[in-house]
S.K.: 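The following block contains the structure, expressed as structure tokens.
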Number of protein chains: 2
Amino acid sequence: MDERIQQQLNFILEADKLKNVIRRNYLIDDSRRENVAEHSWHSILLAQVFFEYAENKEELDLLHIVKLITIHDLVEIYAGDTFIFDEDGYMDKFERENDAAKKIFGLLPPDQGKEMYDLWLEFEQETTPNAIYACAIDKIMPVMLNTYSKGTSWREASISKENVYRTLKIIEKGPKKVFSLLHEFVKVASEKGNLSS
Amino acid sequence: MDERIQQQLNFILEADKLKNVIRRNYLIDDSRRENVAEHSWHSILLAQVFFEYAENKEELDLLHIVKLITIHDLVEIYAGDTFIFDEDGYMDKFERENDAAKKIFGLLPPDQGKEMYDLWLEFEQETTPNAIYACAIDKIMPVMLNTYSKGTSWREASISKENVYRTLKIIEKGPKKVFSLLHEFVKVASEKGNLSS
């Protein structure tokens, strides 16, 4: 096996660990918390299903968006999942995840590692049209799950409507239709008592 | 909420169940069996990392490949996962999965449901260049996990080198480099005793 493919193999094997990084939110059937790998897949699926709602398709590249979503959470293998409503955890999130990004993407051949690191950074900075779309999709996903499940992770942390809107501002920059769905979810979740008043 | 987005939402919520469909193979750390959603994510990642090895890139579309991999296993929500070495289970696999495909993709608006059904069928038929690449990647993934873990699912079923080659013929049609990796995996797995002789 040549060095290049050995490096790629090491990366793929290490990526397996993302299946054991656990997020706060539960599956819809409330049977267990979700892991980051399966969340990534679900977001990739949603990005495809909702792509028709992007108003700025001429600025977007769906393959690039999928790449952003596929790799952006890999840093959590070392940095762990930071609950989105954990303001303290967010203080040093970038630093922790930047170190983790260098470590995980550093397993790859340098050219490929740089490409993935750049994708990770683009997602984190939330400024390019592709990153804004990817991020809006990735952020609405757990809202959907918390709305249509018992919302256990929100109930556990007494999350309010205000927490959701303040923390998930990026969704407002995504497709209007997706943002209107956020209103719908908040309404349903409030009525069910998944969000505290 | 208009009918179209309600249908899309129903589909995405139903797709959550893929996280509870369990495959035979284990994670690399042998801690538990893998679920289908996280496997799909891992294959999407591998499809990107190994794309450079495709000899026929002018015939391939990586976004289309990612779409094929993202949705092809959704039928297992109703049809269950069929162990690749289960020859009896494979007898009626197409029929069971075709019914499941109509059901799951039937949740979507008709135009989008048809697009996904067609993607599913394309993957299953393994004849287009995109489907061959997607399928080779999807099939080498569990070989990699069984090689670099304790190979519990292979050991449980006494899988041999011959089983692997006979059952995974599609990998030979994919990139040469990926097929050469299959030889390497079989060699390593045999030496470790993960494959029976």
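Throughout, protein chains are lettered first and strands after them, A, B, ... in sequence-line order, and every chain is numbered starting at 1.
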S.K.: Under a 4.5 Å heavy-atom cutoff, which of A/V36, A/L145, A/L27 has the most pairs with chain B?
M.R.: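 The option with the most such pairs is A/L27.
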S.K.: Would B/V66 and A/K67 satisfy side-chain contact (heavy atoms from CB on, under 4.5 Å), going step by step from the backbone distance to the final call?
M.R.: CA-CA 10 Å; B/V66 167; A/K67 287 181 177 179; over 6 Å; no
S.K.: Which one of B/R4, B/M1, B/H39 has the most heavy-atom pairs closer than 4.5 Å to chain A?
M.R.: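 Ranked by contacts with chain A, first place is B/R4.
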S.K.: Between B/E52 and chain A, which part of the residue has a heavy atom less than 4.5 Å away: side chain, backbone, both or neither?
M.R.: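 Contact with chain A: side chain only.
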S.K.: Roughly how far, to the nearest 0.5 Å, is CD1 of A/I71 from CD1 of B/I44?
M.R.: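 Answer rounded to 0.5 Å: 13.5 Å.
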S.K.: May I ask you to check whether over 12 heavy atoms, not counting those of A/K187, lie within 6.0 Å of atom NZ?
M.R.: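 Open: at most 12 neighbouring heavy atoms sit under 6.0 Å from NZ of A/K187.
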S.K.: What is the minimum heavy-atom distance between A/W41 and B/T70, and which atoms define it?
M.R.: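 Looking at all heavy atoms of both residues, the closest pair is NE1-O, 3.0 Å.
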S.K.: At a 4.5 Å cut-off on heavy atoms, which part of B/N35 comes close to chain A: side chain, backbone, both, or neither?
M.R.: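 Looking at B/N35, just its side chain touches chain A.
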S.K.: Side chain, backbone, both or neither: which part of B/K17 has an atom under 4.5 Å from a heavy atom of chain A?
M.R.: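 It is neither, since no heavy atom gets under 4.5 Å.
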S.K.: Under the side-chain contact (heavy atoms from CB on, under 4.5 Å) rule, what do A/I12 and B/M141 come out as? Steps first, then yes or no, please.
M.R.: CA-CA 9 Å; A/I12 292 289; B/M141 196 69 250; 3.7 Å; yes
S.K.: Which atoms of B/Q48 are under 4.5 Å from chain A, going by heavy atoms: the side chain, the backbone, both sets, or neither?
M.R.: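 Looking at B/Q48, backbone and side chain both touch chain A.
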S.K.: For the candidates B/L181, B/D61, B/I69, which exhibits the highest count of non-hydrogen atom pairs separated by less than 4.5 Å from chain A?
M.R.: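 Going by pairs under 4.5 Å, I would pick B/L181.
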S.K.: Decide side-chain contact (heavy atoms from CB on, under 4.5 Å) for B/F50 and A/I5; before the verdict, give the C-alpha distance in whole Å, the side-chain angles of both, and the deciding distance to 0.1 Å.
M.R.: CA-CA 9 Å; B/F50 279 180; A/I5 204 161; 4.1 Å; yes
S.K.: Name the option with the most non-hydrogen atom pairs under 4.5 Å to chain A; the candidates are B/D2, B/L46, B/L63.
M.R.: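 The candidate making the most pairs under 4.5 Å is B/L63.
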S.K.: May I ask you to decide whether B/K19 forms a salt bridge with A/D29, counting only side-chain N to carboxylate O separations under 4.0 Å?
M.R.: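 Salt bridge flag = no for A/D29 with B/K19.
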S.K.: Using non-hydrogen atoms only, which part of B/S31 is less than 4.5 Å away from chain A: side chain, backbone, both, or neither?
M.R.: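 B/S31 touches chain A through side-chain heavy atoms alone.
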